[in-house]
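Taking it in order: structure first as structure tokens, then the write-up.
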Amino acid sequence: MASPRTITIIALSVALGLFFVFMGTIKLTPRLSRDAYNEMKRAYKSYVRALPMLKKMGVSSILLRKSIGALEVACGIVMTLVPGRPKDVANFLLLLLVLAVLFFHQLVGDPLKRYAHALVFGILLTCRLLIARQPEEQPPEKRMLSVNGEEQPLIHEAAAEKGKVKVS
């Protein structure tokens, strides 16, 4: 049976992956929601206006929106379908992306209700990454320390065993 840690990681990966596929698709095409797509176009125009450095680098609002949308879709697919280390890479990229989006919202002075979802999903991405990076808890029989070629239980486990009475 899968551990609670594994189930948590899988559930967060699938939920976050699907969310970012959905949000990235909205940035790329009006097929899912024309209103949301038009709102994204308007928002990205204001981001580029607020950062003239982007304009000097040749980054238009369309290029910025489509790049971020494509990255969200790609990382969302990886988070949902691809096992192993690539999920952590996609998680980290999405976390950086969320931080950039939060910066854009702060830059243009958006109210909290406009970017609360980005804040929440940034926290969820952080939680998933922290849980995934924690080492798996080993069963007690495997937690041994090798000292001078002899296997000995770890100190805190030996102390717990010291007060117990063995009955045979």
Side-chain angles (χ1 to χ4, degrees), residues 1-139 143:
M1 179 167 166
S3 70
R5 176 183 173 272
T6 304
I7 293 169
T8 302
I9 291 171
I10 290 171
L12 279 171
S13 296
V14 170
L16 288 167
L18 292 175
F19 171 78
F20 281 102
V21 166
F22 176 73
M23 291 306 293
T25 303
I26 286 177
K27 289 176 179 79
L28 295 173
T29 179
R31 288 185 180 173
L32 293 179
S33 171
R34 184 166 299 282
D35 292 338
Y37 176 77
N38 290 332
E39 180 59 29
M40 290 290 178
K41 284 172 53 175
R42 186 206 57 76
Y44 277 85
K45 284 178 185 174
S46 68
Y47 301 156
V48 171
R49 265 186 266 131
L51 274 174
M53 176 181 61
L54 289 175
K55 205 62 149 173
K56 288 178 186 175
M57 292 172 32
V59 178
S60 67
S61 64
I62 295 169
L63 179 62
L64 182 65
R65 177 176 44 83
K66 291 194 180 221
S67 299
I68 289 176
L71 188 61
E72 285 179 348
V73 169
C75 289
I77 289 170
V78 169
M79 292 272 296
T80 305
L81 301 175
V82 179
R85 187 76 148 169
K87 279 189 189 217
D88 293 342
V89 173
N91 192 148
F92 184 71
L93 289 174
L94 286 170
L95 190 54
L96 291 177
L97 200 59
V98 165
L99 290 174
V101 168
L102 288 172
F103 171 73
F104 287 144
H105 282 289
Q106 285 295 308
L107 190 65
V108 298
D110 282 340
L112 178 63
K113 67 180 183 181
R114 297 242 328 130
Y115 62 89
H117 69 283
L119 200 55
V120 169
F121 281 94
I123 292 168
L124 288 173
L125 284 166
T126 303
C127 289
R128 190 224 162 266
L129 195 59
L130 290 175
I131 293 168
R133 300 306 306 151
Q134 285 182 341
E136 187 79 36
E137 184 72 22
Q138 293 180 354
R143 289 188 283 183

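As a basis for the values below, the full set of heavy atoms in this structure was taken, side chains included, without hydrogen atoms, waters or symmetry mates. Here the structure is a predicted model, which is why all the values come from computation and not from measurement.
- Within a 6.0 Å radius of CZ in R34, no more than 12 heavy atoms belonging to other residues, nucleotides or ligands are found.
- Residue pairs that meet the side-chain hydrogen bond (donor to acceptor under 3.5 Å, both in side chains) test with at least one member in residues 77-102, sequence neighbours left out, are D88-R128, D88-R133, N91-R128.
- Listed by chain and number, the residues in a side chain to side chain contact (heavy atoms under 4.5 Å, CB included) with I7 are A2 (sequence neighbours excluded).
- The two residues D110 and Y115 have their closest heavy-atom pair at O-CE2, 3.4 Å.
- Shortest non-hydrogen contact noted between A118 and L102 is CB-CD2, 3.9 Å.
- Expressed to the nearest 0.5 Å, how far CG of L12 lies from CG of L124 amounts to 6.5 Å.
- Note on residues 42-67: pairs passing ring-ring contact (aromatic ring centres under 6.0 Å, His included), not counting sequence neighbours, are Y44-Y47, Y47-F104, Y47-H105.
- Residues satisfying the ring pair (Phe, Tyr, Trp, His ring centres under 6.0 Å) criterion with F19, sequence neighbours excluded, are F121.
- Interatomic distance, L107 CG to L51 CG, rounded to the nearest 0.5 Å: 5.0 Å.
- Counting heavy atoms from C-beta outward, L130 and Q134 have side chains that stay 4.5 Å or more apart.
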Which pairs of donor and acceptor atoms, one on a side chain in residues 61-79, lie under 3.5 Å apart (sequence neighbours left out)?
{"from": "R65", "atom 1": "NH1", "to": "K27", "atom 2": "O", "distance (Å)": "2.7"}
{"from": "S67", "atom 1": "OG", "to": "L63", "atom 2": "O", "distance (Å)": "2.7"}
{"from": "E72", "atom 1": "OE1", "to": "G24", "atom 2": "N", "distance (Å)": "3.2"}
{"from": "E72", "atom 1": "OE1", "to": "K27", "atom 2": "NZ", "distance (Å)": "3.0"}
{"from": "E72", "atom 1": "OE2", "to": "K27", "atom 2": "NZ", "distance (Å)": "3.3"}

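- The list of salt bridge (Lys or Arg N to Asp or Glu O under 4.0 Å) pairs with a residue in residues 41-51, not counting sequence neighbours, reads E39-R42.
- Not one N or O on the side chain of T29 forms a donor-acceptor pair closer than 3.5 Å with the backbone of T25.
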